[in-house]
There are 2 protein chains.
Amino acid sequence: MYYSRDNMAGLLRSHDINPTHQRIEIAHALFSRQEHLSADQVMAIVNTRHSETSKATVYNTLKLFLEKGLVREVIVDPSKVFFDPNTSPHHHLYEVDTGKLSDIDAEHVQISGLPPLPAGMVTEGIDLIVRVRRTG
Amino acid sequence: MYYSRDNMAGLLRSHDINPTHQRIEIAHALFSRQEHLSADQVMAIVNTRHSETSKATVYNTLKLFLEKGLVREVIVDPSKVFFDPNTSPHHHLYEVDTGKLSDIDAEHVQISGLPPLPAGMVTEGIDLIVRVRRTG
DNA sequence: CCGGGAGTTAGACAAAGTCCAGATTGCTGA
DNA sequence: TCAGCAATCTGGACTTTGTCTAACTCCCGG
Ligand SMILES: [Mn+2]
Ligand SMILES: [Mn+2]
Ligand SMILES: [Zn+2]
Ligand SMILES: [Zn+2]
């Protein structure tokens, strides 16, 4: 298994993150599933096993992962942030009824005709979210 | 002035909304400015004048406007929702440092190569957000 | 061993938003 | 005119998501 707990320490180190027990568990929750998880979901997953991890540590760790570029943030639900272990360029499909969030490969998506940026500004990212609903 | 208080009643009626005093004030706050406002900002604006409007009414009214298609929601800041009086198709430029949010006309923007939707799904909207930061 | 820095923790706190039961408002029909 | 009624509004309690802090634990080098 590529994203086994054992491999998490190396992954963390390669992103300049000191691998502690809690950080390994949190990384494993995200990377073994390859899903978009909220902080709450991460905490629930990590704490079903053993050794309780505190809320503060979950939030601290997710923020650290974000700063170090290990995960990315997806802002799509007005009430919570999702953390995304997939940092390659991609877009999102959001089912508004169910809250289900899935990836859209950026490879074949073309965005053209954007106006030039205001001077002194640099693009940090372009988020494309396709909001869908079940027909009815 | 096109978006005077006097014209708000008609605008509300044309969207099947019973124009009450509070609803007119809230619509006026949004439409006279043509800006993206949070619920908090709306409440602050409405209450600088007279006749306090309660938090519950601000939230209820904004949700009603949303359902009736009078305004749209912009989800871009993880901590609060912005309400947008511009319901024509357009995209957004978000300055992550300052929180400043501005419109990008959709007219010349082309998005191509999106994969087909899952069966039984219909697109509710496509949100494109360009996140920018001041060079430094 | 011991000291110190990095990491973790409980729990208080804050901000955004929801909910509810009671008060107000503004019609309407007698 | 005005009582009755439905729609709307309200204060305030509550929930959820996230932040902060001061104390505690862990671990490593000397
Ligand atoms: Mn708000
Ligand atoms: Mn929040
Ligand atoms: Zn993703
Ligand atoms: Zn807009």
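Quick note: numbers below take in every heavy atom, side chains included, and nothing from hydrogens, waters or symmetry partners. A, B, ... follow the sequence lines: proteins, then strands. Residue 1 opens every chain.
Taking atom CG of A:D77 as the reference point, atom P of D:dG18 lies 9 Å away to the nearest angstrom. Residue B:I17 contributes atom CD1, which lies 11 Å from atom P of D:dC9 at whole-angstrom precision. What separates CG of B:L62 from P of C:dT18 is a distance of 10 Å, to the nearest Å. Going from atom OH of B:Y59 over to atom C1' of D:dC9 covers 17 Å, rounded to whole Å. The NZ-P distance, from A:K80 to C:dT18, rounds to 13 Å in whole Å. Remark: P of C:dG17 and CD of B:Q41 are 11 Å apart, rounded to the nearest angstrom. The distance from atom CG of A:D40 to atom P of D:dT19 is 13 Å, rounded to the nearest whole Å. The nearest whole Å value for the distance from the CD atom in B:E25 to the P atom in D:dT8 is 17 Å.
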At under 4.0 Å between heavy atoms, which parts of nucleotides 5-14 of chain C does protein reach? Answer with one letter per nucleotide, 5' to 3': B base, S sugar-phosphate only, - none.
--SSBB-B--
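Within 6.0 Å of the CZ atom in B:R134, the count of heavy atoms belonging to other residues, nucleotides or ligands does not exceed 12.
For B:R133 and B:D97, the salt-bridge test fails: no basic side-chain N is under 4.0 Å from an acidic carboxylate O. Note on B:R131 versus A:D127: salt bridge recorded, some NZ/NE/NH1/NH2 to OD/OE distance being below 4.0 Å.
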Go through the steps to decide whether A:L30 and A:L62 satisfy the test side-chain contact (heavy atoms from CB on, under 4.5 Å), and finish with yes or no.
CA-CA 10 Å; A:L30 282 158; A:L62 289 171; 3.9 Å; yes
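Remark: B:D84 engages B:H36, B:H90, B:H92 in a side chain to side chain donor-acceptor pair (under 3.5 Å) (not counting sequence neighbours).
In this structure a side-chain-to-backbone donor-acceptor pair under 3.5 Å is present from B:T98 to B:K100.
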